[in-house]
Structures are given as structure tokens and as C-alpha cells.
Amino acid sequence: MKEFSLYAITGEEFHPGKNVVDVMEEAIIGGADIIQLRDKTGSKREVLEKAQALRELTLKHNVIFIVNDHIDVAMAVNADGIHLGQDDLPLTEARKITGKDMIIGISTHHIDEAKAAEKEGADYIGAGPVFATNSKADVTSPVTTDYIKQVKAEISIPFVAIGGIKRHNVDEVLEAGAERICMISEISGAEDVRSVCMELRAKLEGGN
Ligand code: TZP
Ligand code: MG
């Protein structure tokens, strides 16, 4: 898959009054190079409409577009990929539906899950929650940066660190070996989404 390092996931509850497409466009202009639509409450039709709009946006800016959970929506809008958790359709079954070209990302919380995802052909994995977060319901306890170090040492496919990552603690995550970081609230909830993404990008590039 195309390289990426700053992964923005939508979190509409964090930006009341602002449109999700506008927020994600600011994130992209600031340096996000992969966008995920994550909508746990909308109807299928609502998710589809947001996915269509975000597909258009991501094509315009040439960044990767991933849909969380909804394989059918991802395929209908020609998304680049889907992201699945441990309770979603298993990777092998999902791959039968998507075909070989679609990116499949898998959330992992333990090295055994990471190894299984790698073996089954995931294109990337999520590793987290690194820190405590309220952005996800039923979230597992923090895996800490120890898990990031372990994934870095034992897994060869790309991984993204996720969960409670903010500007003030991102250095710890990068020092643990992460080269890709993923956020909901720090980006979506920012007053100035563009400049937050610019700051994060500078950190990823070792700027400060
Ligand atoms: N998966 C693990 S933690 C998490 C997800 C979707 C939530 C991340 O949100 P935030 O606001 O960046 O902590
Ligand atoms: Mg899921």
C-alpha cells in the first residue's frame, strides 16, 4: 500500500456545528495522508452518504480513504480499504468479499492478535489503545508504549499507534518506535485542525 504516517479518523461528536468533510479537508491540508470514516451511530444510508463525500475529497487530495466496519459501503464507494476490529468479520472472510486489492486494516491489542493479522494477510494493523481514551466504547485497558515496542520488534507489516495520542504525549509513542500515528479527538476536536496536523507532521518528520 501507499506510504502514510498521519492517520485521521472521523469523530463527529468532537466537532458539533462543523461538517465532517470540511474538518477532514483541514486535516489533509495540514498533513493527514490517510482518512478513516468511523461512524458507529448512523444508518447505513447516512454512512454511505458520508463515505461518498469523503471518497470525493480524498480523491481530490490523493490521500488514502478507509471505511470502518462497513465492507459493503467501502466497496460501493470504491474506498481504498476497510478497517476491522477483533469482533468484526474475520480477515479471511472479509478478503473473500473485497478481493485482493482492497487494503484491510485490523485493530490489535495483543501481540497474538497482531501475529494472526499479519499471517492472515492484513495490510496494516492498529496497535492500541496506547493511552486511556474515551473516544471508543468498550475500549480495552491501555496497552502502553510497551506494546508499541513489542509490535515494532516482532511485526513486519505497517502498524499505526492509536488511543489517547495527543501532541503532548506523541513523542513517547514515536520514541517507542511508531512511525505512524492515528487519532480521533486530538484532530477532530481541535479548534484549528490544520495547524494541529501540521504540528503532528513536524513531529513525525523529526522536526521538534
Ligand atoms: N481504537 C483504539 S483506541 C480508539 C480506537 C478507535 C480511539 C482513539 O481515539 P482518540 O480520541 O484518538 O483517543
Ligand atoms: Mg469495527
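What you see is a predicted model; the values in this text were computed from it and never measured. Counting starts at 1 for both ligands and their atoms, in listed order. We count residues from 1, following the sequence as given.
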Assess, by modelled atom type and distance only, whether the side chains of Ser185 and Lys166 contain a donor and an acceptor separated by less than 3.5 Å.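 Side chains of Ser185 and Lys166: pair found under 3.5 Å.
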Considering residues, nucleotides and ligands other than [X], do more than 12 of their heavy atoms fall under 6.0 Å from its [atom1]?
X: Lys119; atom1: NZ; value: no
X: Met198; atom1: CE; value: no
X: Lys40; atom1: NZ; value: yes
X: Gln86; atom1: CD; value: yes
X: Asp112; atom1: CG; value: yes

So, for His83 and Tyr124, is the gap between ring centers shorter than 6.0 Å?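 Centroid distance His83-Tyr124: below 6.0 Å, so yes.
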Close residues, ligand 1: non-hydrogen atom nearer than 4.0 Å: Arg38, Pro129, Thr133, Ser135, Lys136, Ile162, Gly163, Gly164, Met183, Ile184, Ser185
What are the two closest non-hydrogen atoms of Tyr147 and Ala114, and how far apart are they?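 Heavy atoms of Tyr147 and Ala114 come nearest at OH-CB, 3.5 Å.
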Minimum-distance pair of heavy atoms, taken over all atoms of Ser135 and Ile184: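 Minimum heavy-atom separation between Ser135 and Ile184: CB-CD1, 4.2 Å.
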Around the Mg ion (ligand 2), how many protein N, O or S atoms are closer than 2.8 Å? 2
